[in-house]
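To start, the structure under review is shown below, and the notes come after it.
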Amino acid sequence: ETGVTQTPRHLVMGMTNKKSLKCEQHLGHNAMYWYKQSAKKPLELMFVYNFKEQTENNSVPSRFSPECPNSSHLFLHLHTLQPEDSALYLCASSQSGTSGANVLTFGAGSRLTVL
Amino acid sequence: SQKIEQNSEALNIQEGKTATLTCNYTNYSPAYLQWYRQDPGRGPVFLLLIRENEKEKRKERLKVTFDTTLKQSLFHITASQPADSATYLCARDNFNKFYFGSGTKLNVKP
C-alpha cells in the first residue's frame, strides 16, 4: 500500500471516552503532521514531527495528545473531548531537509464526531 | 502576523470557461507558494508549486502566477470541466510548517 493511510475514517465518541486516531505513511518521508479541518475555517496546523521529534505544538489543548513512535507512524490520542472538537482530522507527511521546496501528502482524514 | 488569504469563498463558472482563483499574502515574503485541490471528505492533493523568482508555472490545463509586487498568486484552470469542481487551497511553507488559506470552492456548471 502506498501513500498516507488514516484509520478510522469515521469515529463517534462521547465526551468521556478515550480513543485514538492512527496514521501510517509508506512514502519514506521523515516529517508527519496533524491538521484539524472545521467547516468554513482554514486548515489548522496542530502538531509537527520531524524525525520522530515534535517540532510544533500549535497551542493545542492537552486533551489531544500526539505520539510518533517512528517516522512512519503517527497517533493522535483523544480524551475528554468537547463537541466543538468535532471535525475532519487530517494526517500528512513530507520529506523535510532536502534542497528545494517540500510538499505535503495527505491522508483521506478521520471524521470525528463528539456527542 | 503573517497571513495567507483566499478572499473568494466560492466561484461559479460555466464549463469551457477559464476559472481564476486568487491567493493573497501579507506581512511576509514567501519563497514559494503551493496550490492543492480538495474533494469533499478527502484530504488535499498537491497540484502546483511556484517560486518567487518564477512568474508563471504550467501543468496541463493549470497555470499559476506569482506577483511579488501585488503579493498575490493566481491559479487558472483553462477549458474548465465539471470534474474540476472542488475546493482549491493555497499554502505557504515556513520552515517546513505549512499554513493554508481557507480555500475557494469552485463549481463548474455543465
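So you know, we letter chains A, B, ... as the sequences are listed, proteins then strands, and number each from 1.
Between A/L104 and B/F46, the closest heavy-atom pair is O-CB, 4.1 Å.
Under a hydrophobic-cluster definition in which Ile, Leu, Val, Met, Phe, Trp and Tyr are linked whenever side-chain heavy atoms come within less than 4.5 Å, directly or via other members, B/V108 and B/F75 are assigned to the same cluster. In terms of hydrophobic clustering, with Ile, Leu, Val, Met, Phe, Trp and Tyr side chains grouped at heavy-atom distances under 4.5 Å, A/L21 and A/Y33 are assigned to different clusters. Clustering ILVMFWY residues whenever any of their side-chain heavy atoms sit less than 4.5 angstrom apart, transitively, puts B/L33 in the very cluster that holds B/L47. No continuous path of ILVMFWY side-chain contacts below 4.5 Å connects A/L11 to A/F106, so the two sit in separate hydrophobic clusters. In this structure, A/M46 is a member of the same hydrophobic cluster as A/L81, with clusters built from ILVMFWY side-chain heavy atoms closer than 4.5 Å.
Residue A/L88 holds its CG atom at 10.5 Å from CZ of B/R42, rounded to the nearest 0.5 Å.
With a 4.5 Å cut-off on non-hydrogen atoms, B/L89 touches chain A through its side chain but not through its backbone. Proximity to chain B (any heavy atom under 4.5 Å) is shown, for A/A108, by both the backbone and the side chain. For chain A, the nearby part of B/Y36 is the side chain; its heavy atoms alone come within less than 4.5 Å. Using a 4.5 Å cut-off between heavy atoms, B/E9 touches chain A through its side chain atoms alone.
In this structure, A/S94 and B/F98 have side chains that are in contact, with non-hydrogen atoms separated by less than 4.5 Å. At least one side-chain heavy atom of A/L43 sits less than 4.5 Å from a side-chain heavy atom of B/P44.
By the 6.0 Å contact criterion, NZ on B/K105 is open, its count of non-hydrogen atoms from other residues, nucleotides or ligands being 12 or less. Counting heavy-atom neighbours within 6.0 Å of B/E60 CD, excluding the residue itself, gives a total of 12 or less. Within a 6.0 Å sphere centred on NZ of B/K97, heavy atoms belonging to other residues, nucleotides or ligands number more than 12.
Proximity of a side-chain donor or acceptor of A/Q37 to a complementary backbone N or O of B/G43 within less than 3.5 Å is not detected.
Between A/Y35 and B/F100, the distance separating the two ring centers is shorter than 6.0 angstrom.
Most heavy-atom pairs under 4.5 Å with chain B: of the set A/V103, A/V48, A/L90, A/N50, this distinction falls to A/V103.
Looking only at atom types and distance, the side chain of B/N96 has a donor-acceptor partner in the side chain of A/N102 under 3.5 Å away.
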